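Chain identifiers are assigned alphabetically (A, B, ...) following the order of the sequence lines, protein sequences preceding nucleic acid strands; residue numbering begins at 1 within each chain. Only a predicted model underlies this, so the values are computations on that prediction, with no experimental measurement involved.
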There are 2 protein chains.
Amino acid sequence: MIRPMREALTAEAFAGYGEVVEVPETGGRIINSGTAWRYDDVAALALDREGGRALLSLFRVQPALFPLRCTRLERHPLSSQLFLPLGERPFLVVVALGRDAPDPATLRVFVTNGHQGVNYAPGTWHHPTLALEVETDFLVLGRKDTHPADNCDEVPFQGDAVFELT
Amino acid sequence: MIRPMREALTAEAFAGYGEVVEVPETGGRIINSGTAWRYDDVAALALDREGGRALLSLFRVQPALFPLRCTRLERHPLSSQLFLPLGERPFLVVVALGRDAPDPATLRVFVTNGHQGVNYAPGTWHHPTLALEVETDFLVLGRKDTHPADNCDEVPFQGDAVFELT
């Protein structure tokens with residue numbers, strides 16, 4: 001049985017999977033007569049391939065129950081998908097690598113710091129969103145698919161992985 | 001001098017300016033093995049006209065100082081623009097109507113309930129974002145403009161309008 005270690009989410013650690021969406025420590029520019037800092041391109045959006053369009057959704061996610069067995073992962077080959085909690089709440093981000101299916105040996109579990117979202121790069125294997133402790137609302141920015149089946153691979157996860165709460 | 005009344009933000013009141021972005025009381029569908037409710041198309045995104053693309057930004061906005069004099073408004077003729085606070089914090093939404101310039105008589109000031117964002121419809125006159133009491137981070141979804149000057153009209157506000165804190 002795999003019991004993946006929980007890692008703190010950082011841009012560096014997540015670089016192979018997409019972007020961490022958070023206010024950067026540097027960069028940006030002052031706008032609106034000095035009342036705001038603006039940071040552009042905080043996620044590499046890929047939403048318009050093959051006739052796709054941006055789709056804005058809200059997810060109301062129940063807190064995950066632990067220990068939690070990872071039984072499936074999914075990916076969206078044609079588009080990025082962004083998750084950002086509305087209430088500055090931590091959540092779990094579970095990803096894996098693999099060409100045709102996720103490789104169990106590559107499974108990683110990140111925990112956010114409450115001020116972070118994630119943008120999965122196209123084709124990144126990931127677990128459905130896992131809220132922690134309380135019901136959490138997420139903004140989700142993905143692709144309005146003309147043929148949804150073309151843009152969602154959902155597969156059983158062959159490794160016997162169990163996530164613990166702590 | 002105009003001292004606009006502050007109104008609670010509702011979808012109905014905001015219908016002429018865009019959408020209120022919040023978890024709806026009805027609708028949606030269950031996903032992810034029953035762990036989440038999903039609500040799609042919570043904002044009418046218009047980001048790809050005339051070669052535009054979606055641009056994801058973060059704004060860190062200082063709290064507004066009151067009384068606040070409204071001296072200018074802006075609009076984006078080619079695209080929608082969405083503002084959603086990351087910390088479930090209330091903010092002010094100031095809009096007006098007018099073809100070539102905002103008509104002072106139409107100025108309206110909405111206050112959100114903390115769980116709301118707004119998506120301005122293309123061409124909607126609005127004030128730069130006004131945070132209340134504390135520094136507030138916003139997700140902003142707009143258009144990556146090839147020629148920014150084509151997509152931002154910023155004009156002096158001719159009415160003598162002052163917003164109070166209460």
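Cluster annotation: Leu68(B) and Trp125(B) are assigned to the same hydrophobic cluster (Ile/Leu/Val/Met/Phe/Trp/Tyr, side-chain heavy-atom contacts under 4.5 Å, transitive). By the criterion of side-chain heavy atoms lying less than 4.5 angstrom apart, applied directly or through intervening Ile, Leu, Val, Met, Phe, Trp or Tyr residues, Ile30(B) is grouped together with Leu58(A) in one hydrophobic cluster. Cluster annotation: Val23(A) is connected to Trp37(A) through the hydrophobic network of ILVMFWY side chains, with a link wherever side-chain heavy atoms come within less than 4.5 Å. In terms of hydrophobic clustering, with Ile, Leu, Val, Met, Phe, Trp and Tyr side chains grouped at heavy-atom distances under 4.5 Å, Phe163(B) and Phe157(B) are assigned to a common cluster. In terms of hydrophobic clustering, with Ile, Leu, Val, Met, Phe, Trp and Tyr side chains grouped at heavy-atom distances under 4.5 Å, Val118(A) and Phe138(A) are assigned to a common cluster.
The CG atom of Asn32(A) sits 11.5 Å away from the CD atom of Gln62(B) when rounded to the nearest 0.5 Å. Leu56(A) contributes atom CG, which lies 9.5 Å from atom CD of Glu19(B) (distance to the nearest 0.5 angstrom).
Of all residues spanning residues 79-108 of chain B, those with a heavy atom less than 4.5 Å away from chain A's heavy atoms are Leu82(B), Leu84(B), Pro85(B), Leu86(B), Gly87(B), Glu88(B), Arg89(B), arranged by number.
Between chain A and the options Leu139(B), Val140(B), Thr129(B), Thr136(B), heavy-atom pairs under 4.5 Å are most frequent for Leu139(B). Comparing Leu130(A), Asp137(A), Asp48(A) by how many heavy-atom pairs each has under 4.5 Å with chain B, the most go to Asp48(A).
Put simply, the side chain of Leu45(A) does not reach to within 4.5 Å of the side chain of Leu47(B), judged on heavy atoms.
The pair Asp40(A)-Lys144(B) does not meet the salt-bridge criterion, since no charged nitrogen lies less than 4.0 angstrom from a carboxylate oxygen.
Around CZ of Arg53(A), the count of heavy atoms belonging to other residues, nucleotides or ligands within 6.0 Å does not exceed 12.
Proximity to chain A is absent for every atom of Leu65(B), based on heavy atoms less than 4.5 angstrom apart. Neither the backbone nor the side chain of Glu135(A) has a heavy atom closer than 4.5 Å to any heavy atom of chain B.
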